[in-house]
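Any value given below was found using the heavy atoms of this structure, including those in side chains, with hydrogens, waters and symmetry copies removed. The chains referred to below are lettered A, B, ... by the order of the sequence lines, with proteins before strands, and numbering in each begins at 1.
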Amino acid sequence: MTASSKDLFEILAREHAPMLMVYLRSVIRDASMVDDLFQETMLTAWRIIDTFDRTRPFGPWLRGIAGKLVLAHYRKDARRFVQCDEVILGQIDYRLESLQQLSGDTLDEKLDHLKECLANLPATYRTAVELRYKEELKGQSLADRLELTLENTKKRLQRARQRLLECIERKIGPVSSV
Amino acid sequence: MAESMNPDDEIRSTDAAARASDSIDSDDSSQPVDSSLSADDRRMIADHLLMNALLIRTLSPPPAGDQALLNDVLYQLDRPVSSRKQLATKVVSAGRRWLISSLSIAAGLAAVVSLWFVTEANTPSALAAVEQARIEARRPIDRHYQIKLDLPAIKSLDADLYLRGDDRLALHLAGPLDVSAWLGINGDEAWFVPRIGPAIVTKDVDRMQERLEDLASMPIPMLNITRVLDTIERDYELTLASDHSAQEFVDGQVLQHVRAVKRSGFRPLLPERIEFWSQPDSGVIVRMTLVWTELVDKLAVRRVEFLLADQKTQETDLYEHSGHHAPEFPVLRLDGIPAGKK
């Protein structure tokens with residue numbers, strides 16, 4: 001690989017690293033495995049960068065590599081994953097590409113829209129989400145803070161995430177599934 | 001992102017969403033995707049998994065982790081081809097890569113923003129000191145650290161930690177009640193040699209941890225430290241201390257002293273404070289401390305201190321389980337045994 005192609009790889013990799021991390025984090029439970037597969041994906045991408053068609057978007061190509069690695073590792077040790085199969089990975093990849101339609105140069109700028117959605121959630125849902133993600137409470141600890149049963153806590157989070165999904169979809173505009 | 005649906009579909013998709021949420025919000029091991037689920041249900045699950053990851057990104061600590069991990073990769077790409085091949089080989093298996101990560105962290109070396117270091121190389125900073133220490137620890141040099149663990153249950157436990165670069169480790173634990181054991185990693189496998197009973201060997205660190213808790217009834221400081229330092233950049237505020245005390249001088253040199261304080265509200269299992277002292281010219285970590293202010297049941301460690309003892313060259317078999325037991329000593333390889341069997 002020449003210096004210029006390495007520079008190109010670095011630029012593209014830096015731009016798409018946050019979405020790759022989200023892609024991996026979506027299906028992998030184990031944080032250390034997320035890091036491992038992130039680096040494994042980047043190394044693999046670097047090794048085969050010559051096969052990348054520069055007329056096509058880099059993100060889906062990179063996530064395609066990651067998807068193959070994820071499935072290979074999932075077959076070996078499913079315990080470290082949340083839920084995973086080809087359809088699920090394909091849908092996550094598709095949604096991430098749809099997120100590109102949101103305004104903002106970086107993923108974090110695009111996620112300002114999610115923050116707006118979160119701010120507009122009813123307080124009960126917003127509190128549950130903030131405790132779950134900001135304070136990283138889970139299970140009975142979270143249920144105790146919310147003064148709910150464990151089952152109702154899960155339902156509240158589920159509904160909160162559903163509302164956020166719908167809110168983001170409204171901001172992106174109508175899209176169809178893969 | 002939900003699609004329009006008829007009432008029957010709605011019931012099914014609600015089940016799918018509940019299934020996704022159950023996976024997201026519980027710590028249980030994952031269940032395989034139900035083969036009877038329709039493609040639409042799977043997409044519904046995918047949407048919830050993605051939203052979970054986006055919320056982590058949005059509401060958890062600053063998302064600098066991916067750039068630091070990428071810096072690690074780019075750093076490797078700048079190495080000679082032989083080193084790159086070596087690294088590529090190492091990352092073939094996530095389990096092995098995990099071991100490699102744990103090693104550099106067990107040495108007290110953290111992932112940081114090396115880009116910052118490159119652009120601000122002439123300005124002393126905590127990030128630069130961490131990056132320098134991280135690079136130094138990767139060099140294949142034997143280093144021996146004496147470790148002291150303060151544990152509420154048994155007061156204290158001493159250990160000797162030997163490290164060679166980022167893929168060899170041997171830890172000798174010696175405590176009260178005749179507790180003594182060797183724990184190590186040889187670049188490919190983790191191993192444990194108790195005083196009595198078979199040596200245990202596996203590529204799966206999680207399984208090793210389970211076995212150690214059963215057999216040794218002792219904490220595994222290496223693994224806890226791994227988790228702490230793996231996130232030092234993301235979860236901690238770093239400062240380079242300027243109030244040098246006497247202990248910060250070694251051989252006439254003022255050591256670099258980095259203080260890391262956990263950002264509030266995150267990661268209850270991580271220590272509140274991490275500090276390390278490193279040689280400014282080489283980046284070698286001379287001393288490191290981890291302090292927990294709130295004890296968590298499963299953790300049960302109050303403070304861990306690392307002190308550099310020496311940098312003498314060690315025999316390679318120090319990092320192999322066979323170097324710590326007789327040839328006829330029984331060896332149990334866990335990788336061929338189904339999970340859950342002891």
Side-chain angles (χ1 to χ4, degrees), chain A residues 6 10 13-14 17-18 20-22 25-27 29 32-33 35-40 42-43 46-47 73 77-79 81-85 87-89 91-92 95-96 107-108 111 114-115 118 129-130 132-136 138-139 153-155 157-158 161-162 164-166 168-169 177-178, chain B residues 1-3 17-27 29-33 39-40 42-43 45-60 63 65-67 69-70 72-74 76-77 87-88 91-92 94-95 97-98 101-102 204 206 226-227 230 265-268 339:
Chain A
K6 180 175 179 288
E10 179 170 350
R14 285 201 186 284
L20 175 62
M21 189 60 95
V22 168
R25 212 171 255 161
S26 297
V27 293
R29 183 189 305 280
S32 63
M33 179 169 261
D35 293 354
D36 293 344
L37 282 183
F38 175 90
Q39 293 192 322
E40 195 170 349
M42 288 296 187
L43 277 169
W46 177 80
R47 283 202 303 268
H73 283 283
D77 188 0
R79 292 174 305 161
F81 293 78
V82 189
Q83 293 267 305
C84 183
D85 68 11
V87 174
I88 288 172
L89 288 169
Q91 176 74 357
I92 292 169
R95 292 299 192 196
L96 284 171
L107 176 62
D108 293 316
L111 289 180
L114 180 57
K115 288 178 185 167
L118 189 59
V129 168
E130 288 181 344
R132 169 71 175 81
Y133 292 96
K134 267 190 177 174
E135 298 195 21
E136 299 188 355
K138 287 178 87 171
T153 302
K154 287 182 182 176
K155 281 180 184 167
L157 285 169
Q158 176 191 329
R161 282 190 287 259
Q162 183 63 43
L164 291 170
L165 285 163
E166 290 163 1
I168 285 291
E169 186 178 43
S177 296
V178 284
Chain B
M1 295 187 186
E3 309 299 322
R19 185 187 298 266
S21 286
D22 209 40
S23 295
I24 291 166
D25 295 318
S26 71
D27 287 323
S29 296
S30 70
Q31 298 296 318
V33 180
D40 282 345
R42 290 165 197 237
R43 291 187 190 108
I45 288 172
D47 284 348
H48 279 262
L49 299 184
L50 175 59
M51 180 50 66
N52 177 57
L54 291 173
L55 285 168
I56 291 171
R57 175 97 193 174
T58 305
L59 297 178
S60 289
D66 45 62
Q67 297 299 324
L69 288 167
L70 181 58
D72 282 351
V73 174
L74 296 171
Q76 294 295 336
L77 300 188
L87 180 83
V91 297
V92 165
R97 178 65 185 79
W98 193 97
S101 302
S102 73
D204 184 338
D206 289 341
T226 297
R227 297 306 305 149
D230 199 23
F266 300 111
R267 312 260 174 171

Hey, does A:V129 have a side-chain heavy atom less than 4.5 Å from the side chain of B:L55? yes
Decide yes or no on side chain to side chain contact (heavy atoms under 4.5 Å, CB included) for A:M42 and B:D66, but give the supporting numbers first. CA-CA 11 Å; A:M42 288 296 187; B:D66 45 62; over 6 Å; no
Testing the basics here: between [X] and [Y], what is the closest heavy-atom pair and its distance to 0.1 Å?
{"X": "B:A46", "Y": "A:I88", "value": "CB-O, 3.5 Å"}
{"X": "B:M51", "Y": "A:I168", "value": "CE-CG1, 4.3 Å"}
{"X": "A:K134", "Y": "B:L59", "value": "CG-O, 3.5 Å"}
{"X": "B:H48", "Y": "A:Q158", "value": "CE1-O, 3.7 Å"}

Which atoms of [X] approach chain B - backbone, side chain, both or neither, heavy atom under 4.5 Å:
{"X": "A:L89", "answer": "neither"}
{"X": "A:L164", "answer": "both"}
{"X": "A:L107", "answer": "side chain"}

Nearest 0.5 angstrom please: [X] [atom1] to [Y] [atom2], how far?
{"X": "A:Q91", "Y": "B:L50", "atom1": "CD", "atom2": "CG", "result": "9.0 Å"}
{"X": "A:L111", "Y": "B:R57", "atom1": "CG", "atom2": "CZ", "result": "7.5 Å"}
{"X": "B:L49", "Y": "A:I92", "atom1": "CG", "atom2": "CD1", "result": "5.0 Å"}
{"X": "A:F38", "Y": "B:L70", "atom1": "CZ", "atom2": "CG", "result": "5.0 Å"}

Please assess B:L54 against A:R95 for the test side chain to side chain contact (heavy atoms under 4.5 Å, CB included), listing each intermediate value before the final yes or no. CA-CA 11 Å; B:L54 291 173; A:R95 292 299 192 196; over 6 Å; no
NZ/NE/NH1/NH2 to OD/OE distance under 4.0 Å, A:R161 and B:D47: no
Could you list the residues that satisfy side chain to side chain contact (heavy atoms under 4.5 Å, CB included) with B:A53, not counting sequence neighbours? A:V22, A:R25, A:S26
